[in-house]
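Lettering of chains follows the sequences in order, A, B, ..., and the numbering in each one begins at 1.
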2 protein chains.
Amino acid sequence: MERSRTSDKRNRILRAAVKVFAAKGFYVARVSDVAREAGVADGTIYLYFASKGDLLRGLFEENMERLIEQVRGVSAKHDSAASRLSQIWSDYVVFVQSEPELAEVLTVELRESGKFMNEFAADLFGAFLRLIVEVIADGQSRGELRRDVSARTVARLMFGAFDELSLSWVMSKNKWDLERSGKEALTIFLDGLRPKTSE
Amino acid sequence: MERSRTSDKRNRILRAAVKVFAAKGFYVARVSDVAREAGVADGTIYLYFASKGDLLRGLFEENMERLIEQVRGVSAKHDSAASRLSQIWSDYVVFVQSEPELAEVLTVELRESGKFMNEFAADLFGAFLRLIVEVIADGQSRGELRRDVSARTVARLMFGAFDELSLSWVMSKNKWDLERSGKEALTIFLDGLRPKTSE
DNA sequence: CTTAACTGACTGAATGGTCATTCACCGTGC
DNA sequence: GCACGGTGAATGACCATTCAGTCAGTTAAG
């Protein structure tokens, strides 16, 4: 009796926030900018979110969970580390291409926001990373990936590499083929992670 | 007649800004926080910098140039792509370890600040990246590195990977060995970039 | 069917607090 | 005395947040 109509407005506000935060950055963006973009009054935002910071928090929460869920599903459908990694990153590329503004907000604001909502953002991000560490470690223990490097390090490397790749794609307003670059990146990593023949 | 005595104060302010921005983030930090940390009056900052934003800009400028100069020097002293890359990253690790707060500000604020001082920050960063692209492309043309991947993509990948690695080291207050992780990372990349035997 | 209360989502002008920036005024050295 | 680096209280903007009021709809009564 309330959820049905309100959820529409809450989502309108979230979508507007993504757009505005992507364009100006969280700190420069005004709450009234978000309100205008969403087509609601300034005050309405406070019926759905406790504060400007809470708006950003809500944005992270809903979307990161979606991404994490997706990655979680990959391991079930693929068995080799190589095909899992390949699937994770190609899903990520699809996400970035279909929602570039959201991708921009998640990657850019996550860094700065660590400063004011530490535990929270770090936890969501940590969960994402942990899934990748598991995939790597699993691949190592099956002998599919070299064992002389730390799974944690590899996960960070790969995440950092793909994160930078997508961010620069988004910021440059896609003047090149992200999918192709992603494939190249994956090839390099997979070749670099082959078990040493001496093992 | 002014530079000699003032440069001391200007540097005090810059160093204080690094400390404060690293701890709270640029937007949350107050100009008066920087003044207190530097041991000067609020107004004094405006004798050396036109605005709060200009302070951040000055910070980028001086330090990025230093980094770029360092990278530029590497190519002269090393001839193979592998040893150049190895040297660039080990210099970078030294930098991060000796000035973690500065490293944090440069990497975190560079992203968000792209929003309000676009061309400027992007140019400095672009110059840095271009040097790496050159090293890669040169290695490819000599047959030291595989040619079936774009030099631009490889440069971004490597930068992203090392950037993420150092950032997470800085943020986690160094609970692990950055130098070791960096070496592992480099090994993976170099193995992954070996020319295909079929070539 | 009409009118009268009532509800609660929504509105946006007003409030209050928070700084970046300024500038009238020191004190020290020449 | 004056020139100048330095000072820090005062100023003025700028917003996040609030809240008194509007309005569309819903029920209740006559």
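- Per the geometry, NZ belonging to K52(A) stands 9 Å off C1' belonging to dC15(D), to the nearest Å.
- Residues forming a ring-ring contact (aromatic ring centres under 6.0 Å, His included) with F26(B) (at least two apart in sequence, or on another chain): F21(B), F116(B).
- Between I13(A) atom CD1 and dA16(D) atom C1' the separation is 15 Å, expressed in whole Å.
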Given the rule in the side chain to side chain contact (heavy atoms under 4.5 Å, CB included) test, do Y92(A) and I88(A) qualify, once you have shown the distances and angles that lead to the verdict?
CA-CA 6 Å; Y92(A) 189 61; I88(A) 288 171; 5.5 Å; no
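- Distance I45(B) CD1 to dC23(C) P: 18 Å, rounded to the nearest Å.
- For dG6(D), one of the phosphate oxygens OP1 or OP2 lies less than 4.0 angstrom from a side-chain nitrogen or oxygen of Y48(B).
- Looking at heavy atoms from C-beta onward, W89(B) lies in side-chain contact with I132(B) at the 4.5 angstrom threshold.
- No side-chain donor-acceptor contact under 3.5 Å links E112(B) to the backbone of G25(A).
- Proximity of a side-chain donor or acceptor of R142(B) to a complementary backbone N or O of S80(B) within less than 3.5 Å is not detected.
- Whole-Å rounding puts the D54(A) CG to dA16(D) C1' distance at 14 Å.
- Contacts between residues 19-42 of chain B and DNA chain C, defined by a heavy-atom separation below 4.0 Å, involve A29(B), R30(B), V31(B), listed by number.
- A straight line from OH of Y46(A) to P of dA16(D) spans 6 Å, rounded to a whole angstrom.
- When rounded to the nearest whole Å, the span between CZ of R10(A) and P of dA9(C) equals 15 Å.
- Of the candidates dC10(C), dT21(C), dT17(D), the closest approach to any side-chain atom of K9(A) belongs to dC10(C).
- For the pair E184(A) (side chain) and S150(B) (backbone), a donor-acceptor distance under 3.5 Å is present.
- Checking dT7(D), dA16(D), dC10(C) against every side-chain atom of T44(B), the shortest atom distance belongs to dT7(D).
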